[in-house]
Amino acid sequence: MRERERQRERERQKERSAAAAQPERRVRLDQPQLKRRSWLPEYDPEAFGRTSERIARFLGTGRFIVWMTVVIVVWVVWNTTAPPHVRFDPYPFIFLTLVLSLQASYAAPLILLAQNRQDDRDRVNLEQDREQNERSIADTEYLTREVAALRMGLGEVATRDWIRSEFQELIKELEQRRVFPAESEERDR
């Protein structure tokens, strides 16, 4: 017994020294506080949204309609043709109505949530497209101004045709002064 008491006392001393070794927790204003644990369950809204989109995508397919039709037909056939002691939902099919109502009550909000998420994505894509269009328009306007400036600058630059016409005029003028012999004289030689 004494050994057990001594061992307990050693454990208590270790706990006290460990508690003393830890610095006191003080509140820092430059860092957010840790979330307190809540009694309510926590969930990831993105994971919930992705799941609701998958469900909504499935609810909008022909496969879902076929499976739902098969289930309802089997349900109705079973509850009308099976022996009375194994039927679980007799003729007015109240339980079937309850199941379909429950399915619809869950499907509608999930579909709305998926539509809202799609609207958010569409809004972001539309904003990105607008920004891209604005950049493209700005680039086009810049290039238009640059081309106009080049055209204005080229108006003052000698073009090939203008230089040719000037040379031809000079040659004619020199031929008239007889500085260069005429082309016909050169050909005769």
Chemist: List, by chain and number, the other hydrophobic cluster members for Val77, where Ile, Leu, Val, Met, Phe, Trp and Tyr join if side-chain heavy atoms come within less than 4.5 Å, directly or indirectly.
Modeler: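 So far as hydrophobic clustering goes, Val77 is joined with Val73.
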Chemist: Who else is in Phe167's hydrophobic cluster (ILVMFWY, side-chain heavy atoms under 4.5 Å, direct or via others)?
Modeler: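 Besides Phe167, the hydrophobic cluster comprises Trp162, Ile163, Leu170, listed by chain and residue number.
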Chemist: Backbone N or O of Trp78 within a donor-acceptor pair of the Arg87 side chain at under 3.5 Å?
Modeler: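 Answer holds: no.
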Chemist: Could I get the full list of ring pair (Phe, Tyr, Trp, His ring centres under 6.0 Å) partners for Tyr142, not counting sequence neighbours?
Modeler: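 Applying ring pair (Phe, Tyr, Trp, His ring centres under 6.0 Å) to Tyr142 gives none.
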Chemist: With a 3.5 Å cut-off and no angle check, do the side chains of Gln132 and Arg135 form a donor-acceptor pair?
Modeler: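 Side chains of Gln132 and Arg135: pair found under 3.5 Å.
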Chemist: Should the heavy atoms of other residues, nucleotides or ligands under 6.0 Å from CZ of Phe58 be counted, would the total exceed 12?
Modeler: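 Atom CZ in Phe58 is packed in, count exceeds 12.
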Chemist: Nearest 0.5 Å, what's the CG-CZ distance between Leu98 and Phe93?
Modeler: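 CZ of Phe93 is found 15.0 Å from CG of Leu98.
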Chemist: In terms of side-chain geometry, is the basic nitrogen of Glu9 or Arg12 positioned less than 4.0 Å from the acidic oxygen of its partner?
Modeler: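 Yes, Glu9 and Arg12 are salt-bridged.
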Chemist: Are Arg54 and Leu59 packed together at the side-chain level, in the sense that at least one heavy-atom pair is separated by less than 4.5 angstrom?
Modeler: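 No, every pair of side-chain atoms sits at 4.5 Å or beyond.
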Chemist: Measure the spacing between CD of Gln115 and CG of Leu110 and express it to the nearest 0.5 Å.
Modeler: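 Rounded to the nearest 0.5 Å, the CD-CG separation comes to 11.5 Å.
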Chemist: Given side chains that start at C-beta, do those of Leu102 and Ser105 come closer than 4.5 Å, heavy atoms only?
Modeler: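 Heavy-atom side-chain distance check passes, below 4.5 Å.
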Chemist: What pairs with Glu173 under salt bridge (Lys or Arg N to Asp or Glu O under 4.0 Å), at least two apart in sequence or on another chain?
Modeler: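 Here the qualifying residues are Arg177.
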Chemist: Roughly how far, to the nearest 0.5 Å, is the CD atom of Glu166 from the CG atom of Asp161?
Modeler: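 Asp161 CG to Glu166 CD: 12.0 Å, rounded to 0.5 Å.
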Chemist: Can you tell me how far the CG atom of Asn125 sits from the CG atom of Asp120, to the nearest 0.5 Å?
Modeler: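 Between Asn125 CG and Asp120 CG, I get 11.0 Å after rounding to 0.5 Å.
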Chemist: Check whether any side-chain heavy atom of Lys172 lies under 4.5 Å from a side-chain heavy atom of Glu169, and answer yes or no.
Modeler: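 A side-chain contact is absent here, since even the closest heavy-atom pair is not under 4.5 Å.
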Chemist: Is the distance from the ring center of Trp75 to that of Phe88 below 6.0 Å?
Modeler: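 So the answer is yes for these two rings.
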Chemist: Checking Glu141 now: which residues fulfil side chain to side chain donor-acceptor pair (under 3.5 Å) with it, not counting sequence neighbours?
Modeler: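 Testing Glu141 for side chain to side chain donor-acceptor pair (under 3.5 Å), a comparison that skips the adjacent residues, returns none.
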Chemist: Answer with yes or no whether the hydrophobic clustering places Phe95 together with Tyr91; edges join I, L, V, M, F, W, Y residues whose side-chain heavy atoms lie under 4.5 Å apart.
Modeler: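 Shared cluster, yes.
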Chemist: With sequence neighbours excluded, tell me which residues meet ring pair (Phe, Tyr, Trp, His ring centres under 6.0 Å) with Tyr106.
Modeler: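 Applying ring pair (Phe, Tyr, Trp, His ring centres under 6.0 Å) to Tyr106 gives none.
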Chemist: Name all residues meeting the side chain to side chain contact (heavy atoms under 4.5 Å, CB included) criterion together with Ile72; count only those two or more places apart in sequence or in a different chain, and write none if there are none.
Modeler: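 Testing Ile72 for side chain to side chain contact (heavy atoms under 4.5 Å, CB included), a comparison that skips the adjacent residues, returns Met68, Val76, Leu96, Leu100.
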Chemist: Under the salt bridge (Lys or Arg N to Asp or Glu O under 4.0 Å) rule, collect the residues that match up with Glu46, sequence neighbours excluded.
Modeler: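 Expected list: Arg117.
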Chemist: So Val74 and Val70, do their side chains get closer than 4.5 Å, heavy atoms only?
Modeler: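 Yes. Closest side-chain heavy atoms under 4.5 Å.
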Chemist: If I take atom CG from residue Asp129 and atom OG from residue Ser136, how far apart are they, to the nearest 0.5 angstrom?
Modeler: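 With rounding to 0.5 Å, CG (Asp129) is 10.0 Å from OG (Ser136).
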Chemist: Using 0.5 Å steps for rounding, measure from the OG1 atom of Thr144 to the CD1 atom of Ile137.
Modeler: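 With rounding to 0.5 Å, OG1 (Thr144) is 11.5 Å from CD1 (Ile137).
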Chemist: Going hydrophobic residue to hydrophobic residue with side-chain gaps under 4.5 angstrom, can you get from Trp67 over to Phe64?
Modeler: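 They do not share one cluster, since no chain of ILVMFWY contacts under 4.5 Å joins Trp67 to Phe64.
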Chemist: Under the salt bridge (Lys or Arg N to Asp or Glu O under 4.0 Å) test, which residues partner Arg164, sequence neighbours left out?
Modeler: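 Salt bridge (Lys or Arg N to Asp or Glu O under 4.0 Å) list for Arg164, sorted by chain: empty.
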Chemist: Who passes side chain to side chain donor-acceptor pair (under 3.5 Å) against Arg121, sequence neighbours left out?
Modeler: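 Expected list: Glu53, Gln118.
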Chemist: Could you pull out the closest heavy-atom pair between Ala114 and Ala56, with the gap in Å?
Modeler: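 Taking every non-hydrogen atom into account, CB-CB, 3.7 Å.
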Chemist: Kindly write out the residues that satisfy side chain to side chain donor-acceptor pair (under 3.5 Å) with Asn79, not counting sequence neighbours, or none if the list is empty.
Modeler: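 Here no residue qualifies.
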Chemist: My understanding is that only residues two or more places apart in sequence, or in another chain, count here; which of them pass side chain to side chain donor-acceptor pair (under 3.5 Å) with Asn116?
Modeler: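 Partners of Asn116 by the side chain to side chain donor-acceptor pair (under 3.5 Å) criterion come out as none, since no residue qualifies.
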